[in-house]
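See below for the structure under consideration.
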Amino acid sequence: MTQPLYYEYAVQPGETIATIIHKLYGWSPPTRRYGEILDAIKALNPEVPNLQNLWPGTVLRVSDRAPAMVAPPGPLFLSASPDPAERRQMWAMAWAERSGLLPAPAQWR
């Protein structure tokens with residue numbers, strides 16, 4: 001079974017799970033979509049016991065399947081995180097592609 005694609009997001013000082021979901025996906029409670037996104041984040045982060053009590057610097061895995069996301073907060077990963085230099089390169093490539101600055105591989109032909 002393949003793991004879903006996700007981004008790693010570092011919690012900033014003063015952020016809550018509600019502000020993070022609003023920032024990344026554009027949804028706020030009490031909408032149904034907010035609840036679905038919260039459930040997805042819970043499933044991707046089983047090691048975080050309480051998403052309502054996040055500390056700055058906590059790294060959350062967030063789904064890449066959010067239609068309201070404008071720019072990715074970090075690189076895509078299918079398994080364990082690569083070294084920091086590779087992470088920066090992957091983030092830059094993903095951001096450039098999603099921003100329309102870099103054509104997708106199918107467009108290169």
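Predicted model only: the values in this text are computed from it and were never measured.
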Can you tell me how far apart [atom1] ([X]) and [atom2] ([Y]) are? Round to the nearest 0.5 Å.
X	Y	atom1	atom2	result
K42	N50	NZ	CG	9.0 Å
N45	L54	CG	CG	9.0 Å
L44	Y6	CG	OH	8.5 Å
L60	I20	CG	CD1	5.5 Å
Y9	T58	OH	OG1	11.5 Å

| said: With heavy-atom distances below 4.5 Å as the criterion, would you say the side chains of T19 and T16 are in contact? | reply: yes

So, for [X] and [Y], which heavy atoms are closest and what is the spacing to 0.1 Å?
X	Y	answer
Y7	S63	CD1-O, 4.2 Å
L51	L38	CD1-CD1, 4.1 Å
P13	P56	CA-CG, 3.7 Å
E15	Q12	OE1-N, 2.7 Å
Y34	W27	CD1-O, 3.8 Å

